[in-house]
Amino acid sequence: MLTSRPRWPALLFILGLALLLTALLRDLHFGNAPMQVGQAINGVAAHETGAANVVASVLLAYRGLDTLGELAILFAAATGAGLVLGIAFRNGNGEAQAKTNTEPPAGFILRKGADLMFPFLLILGAYVILHGHLTPGGGFQGGAILAAAFFVPQLARPSSPFNERTAHWVEALAGASFVLIGIAGLAGAGWFLAPLLGTGSVGELLSAGSIPLLQLAIGLKVGSELAGLMIALHGPKET
Amino acid sequence: MTWIADVLLLIGAAFLFLGALGLWRMPDVYTRLQAGTKAVTLGSVAMLIGVGIERPDWWPKLLLITLFILLTSPLGSSTVARAARVIGQRPWRAGDAKETP
Amino acid sequence: METLSTATELEWLGWTFYAGSAGLVLLGCYALFAARHALRLLLGLFLLESGVNLFLVAVGFRPDAAAPILVGEQAGSMVDPLPQALILTAIVIGVGVLALGLALAVRVAKEEGTLDLAELGRRLAATHTPATAEETLPQSGRTETP
Amino acid sequence: MIMAWVALACVVTMLVAGVLVLTQRKLIGAIAAASVVSVALSVLLVVLRAPDVALAEAAVGAGLSSVLLALAVRRVGAVDSKEDT
């Protein structure tokens, strides 16, 4: 339970907020979005960026700088969480191994199943990332799947070391390559994250210029960060 | 052809409903896992096959989803059952009180 | 997917979505106010975030439009892609915030031995009270810090 | 028409699960309810024709967030406050 008895001031506030929201929502006509900017983007996105997925083109071409800021926020959150939990990659392996030995070991079925699922999840993540400009999906979604793929074996075999040094290198290189692709666009076409490599024909795997490369960079960065976060939280029990 | 798909979808829906009902009615964690795994696996696989007959161009993806369900569903349930056994959960006997969900 | 037939049906659908998002926002706000446990606070934040995400995507909806993904050479109208890109960003930032909050909660539990917010506030007030006031108002939780 | 019924069912599921998040006695049950909220929300996003966001919500909101919360609960399980166990 949240609390043993209701909090009357909080309930009163919620009631007032509900009245306010009802008053606001009554004037919003559902289904009649004006979408002046959205209409314009829908008209030119496929022609300008070559991506069939308009959301991906907004995320990585029209608003690419914003996505870079988002990656910075995620990086700060992951670094902060690692710092607070006190897991430096110097002593991550030995200490964690010594502490998690008190847990009962995972069963045979879970171990073999995790082994069986690891390549499957890896392929699924790579597919979702690399088809991000054609179908729903992209770097963030595929990165989450990749993080899960690397966390499942850790759950099955708590003693197996997760190579955090490699994860940090992958994360750093992916972030740097995102910035480098952006700067290459600045040098080539005159603005940050300008589409490079030609747009190609809409709907093919090798199209949309640099968007698949950016998706790959985001996927690797997000995947390594989220996997690092989960492994940092998967520590020993506090007593 | 389309009535076969309808029948399969109905079978799938019925088994999913039975699985949910079993999850609610069964007395302890092991019996609940029985209902939640077997009935739901059969229900979802029947549903996926029904969808595949309805939309023949979706076959490859549906096959992969079926494979994934057949792989993960028993894995998850066996892991939960093992964890319940490790923490000392006793199987339910006739006459015991039903556990609160 | 079929399109909607009448205007009343569209209005009805709109109220469904608005009720869902407003309900989630209200539940999240209540949890933020009334939570006594730090992890309940984070769960409330999660609900609040979900409600806002649903609301912003619902604002960009159009009944006669397709998903913003081109299939073949189709060039019909599509729903607004801008809120969708915004929410995609917001979901990922949300999980970052959640993870940072959880890490802080785990650390606080390790240092203080409790996650009860009232108890933690009491301890914080006791630590920050000057030495003279500490004798008169021990552990009251209502100490007024200067 | 069928779309509207799916939306209604999902909104009801979502709100019921949202109430359960606040009223579950055990923290792990509240987390499971939050996961249900995310799954229903991702179906609603598909109805709103936002498949990208739905995929992100299903992978990140329903999957990763619940795993992170459950790992944190496992770590702090012994130091819950008195009325929350």
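Chain naming here is simple, since letters A, B, ... match the order of the sequence lines and numbering starts at 1 in each. Atom set for the values below is all heavy atoms of this structure, side chains included, hydrogens, waters and symmetry mates excluded.
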Report summary line: Taking a cut-off of under 4.5 angstrom between non-hydrogen atoms, the residues of residues 53-60 of chain D near chain C are D/Val53, D/Ala56, D/Glu57, D/Val60
Query raised in the report: Between the side chain of C/Ser21 and the main-chain N/O of C/Tyr18, is any donor-acceptor distance below 3.5 Å?
Result: yes
Query - Partner chain C: residue of D/Leu45, D/Asp52, D/Leu69 with the largest heavy-atom pair count (under 4.5 Å) - result: D/Leu69
Query raised in the report: At what distance, to the nearest 0.5 angstrom, does CG of C/Asp116 lie from NE2 of C/His37?
Result: 8.0 Å
Requested in this report: Under 4.5 Å, counting heavy-atom pairs only, tell me which of D/Ala40, D/Cys10, D/Ala72 racks up the most with chain C.
Outcome: D/Ala72
Query raised in the report: In Å, rounded to the nearest 0.5 Å, how long is the span from CG of C/Leu45 to CG of C/Leu39?
Result: 12.5 Å
Report summary line: Output for pair (D/Leu8 CG, D/Leu44 CG), nearest 0.5 Å, gives 10.0 Å
Report task. Pick one of side chain, backbone, both or neither for D/Leu68, based on which atoms fall under 4.5 Å of a heavy atom in chain C. Result -> both
Query raised in the report: How far does CG of C/Leu102 sit from CG of D/Leu71, to the nearest 0.5 angstrom?
Result: 9.0 Å
Report task. Nearest 0.5 Å please: distance from the CG atom of D/Leu22 over to the OH atom of C/Tyr30. Result -> 8.0 Å
**Report entry** Side chain, backbone, both or neither of C/Leu27 within contact of chain D (heavy atoms, under 4.5 Å)
**Finding:** both
Query raised in the report: Is it the backbone or the side chain of C/Val79 that comes under 4.5 Å from a heavy atom of chain D, or both, or neither?
Result: side chain
Query raised in the report: Which bit of D/Val12 is near chain C, if near means a heavy-atom gap under 4.5 Å: side chain, backbone, both or neither?
Result: neither
Query - Test side-chain contact (heavy atoms from CB on, under 4.5 Å) applied to C/Leu41 and C/Leu32, step by step - result: CA-CA 5 Å; C/Leu41 205 71; C/Leu32 285 183; 4.1 Å; yes
Report task. Look at the side chain of C/Gln84 and the backbone N and O of D/Arg49, then say whether any donor-acceptor pair between them is shorter than 3.5 Å. Result -> yes
Query - Part of C/Ala19 within contact of chain D (heavy atom distance under 4.5 Å) - result: backbone
Query raised in the report: Which word best sums up how the rings of C/Trp12 and D/Trp5 line up, parallel for under 30°, tilted for 30 to 60°, or perpendicular for over 60°?
Result: perpendicular
Requested in this report: Side chain from CB out, backbone as N, CA, C, O: work out which of these in C/Leu47 comes under 4.5 Å of a heavy atom of chain D, or both, or neither.
Outcome: side chain
